[in-house]
Amino acid sequence: MIPPRLAPVVFGLLLSGFMSLIVSGVATLRALGVVPDVFGLWMSAWVSSWLIAFPSVLVIAPVVRRLVARYTRR
């Protein structure tokens, strides 16, 4: 099991992984269409986008949580 203190990092890892997978897939298909090596091209785009998305989520998520807390009722 993963220690609870690492939950935000694991959350960021999974969220950024799934979101970048979906977005890079849509972008790859829109840019290239269904070409013979579309899966390999998609995976290449996904890895590079995940390298940006993961640290971005770790930095941006706390800011977004504070904004949501500020603009919602308690």
Side-chain angles (χ1 to χ4, degrees):
M1 289 305 261
I2 298 167
R5 65 182 169 78
L6 293 179
V9 175
V10 174
F11 177 83
L13 180 76
L14 293 174
L15 179 65
S16 65
F18 286 121
M19 290 301 297
S20 60
L21 179 72
I22 293 165
V23 171
S24 65
V26 170
T28 301
L29 285 172
R30 285 191 48 92
L32 304 176
V34 180
V35 295
D37 191 29
V38 72
F39 185 75
L41 295 167
W42 175 17
M43 291 300 103
S44 176
W46 174 52
V47 168
S48 60
S49 65
W50 198 1
L51 291 174
I52 306 271
F54 179 49
S56 298
V57 164
L58 293 181
V59 170
I60 294 170
V63 174
V64 172
R65 281 189 198 103
R66 284 193 296 274
L67 287 171
V68 169
R70 180 182 298 167
Y71 296 111
T72 56
R73 289 186 219 167
R74 295 184 183 189

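If you're wondering where the values come from, they're calculated on a predicted model, not measured in any experiment.
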| task | Establish whether Val34 and Trp42 are linked, either directly or via other cluster members, by ILVMFWY side-chain heavy-atom contacts under 4.5 Å. | result | no

| Is Val47 reachable from Leu58 through a run of I, L, V, M, F, W or Y residues, each pair having side-chain heavy atoms under 4.5 Å apart? | yes

Which pair of heavy atoms, one from [X] and one from [Y], lies closest together, and at what distance?
X	Y	answer
Leu32	Val35	O-CG1, 3.2 Å
Val57	Ser16	CG2-CB, 3.9 Å
Ala45	Thr28	CB-OG1, 3.8 Å

| request: Could you walk me through whether Phe11 and Leu6 pass side-chain contact (heavy atoms from CB on, under 4.5 Å), step by step? | output: CA-CA 9 Å; Phe11 177 83; Leu6 293 179; over 6 Å; no

| Euclidean distance, Leu51 CG relative to Ser56 OG, rounded to 0.5 Å | 10.5 Å

| Taking atom OG of Ser24 and atom CG of Leu41, what is their separation to the nearest 0.5 Å? | 11.0 Å

| task | Assess whether atom CD1 of Ile52 is packed by more than 12 heavy atoms of other residues, nucleotides or ligands within 6.0 Å. | result | no

Side chain proximity check, [X] to [Y], heavy atoms < 4.5 angstrom:
X	Y	value
Trp50	Leu13	yes
Trp46	Val23	no
Ile60	Arg65	no

| query | Can you check side-chain contact (heavy atoms from CB on, under 4.5 Å) on Met43 and Leu21, steps first, answer last? | reply | CA-CA 8 Å; Met43 291 300 103; Leu21 179 72; 3.7 Å; yes

| ILVMFWY clustering at 4.5 Å (side-chain atoms), partners of Val63 | Leu67, Tyr71

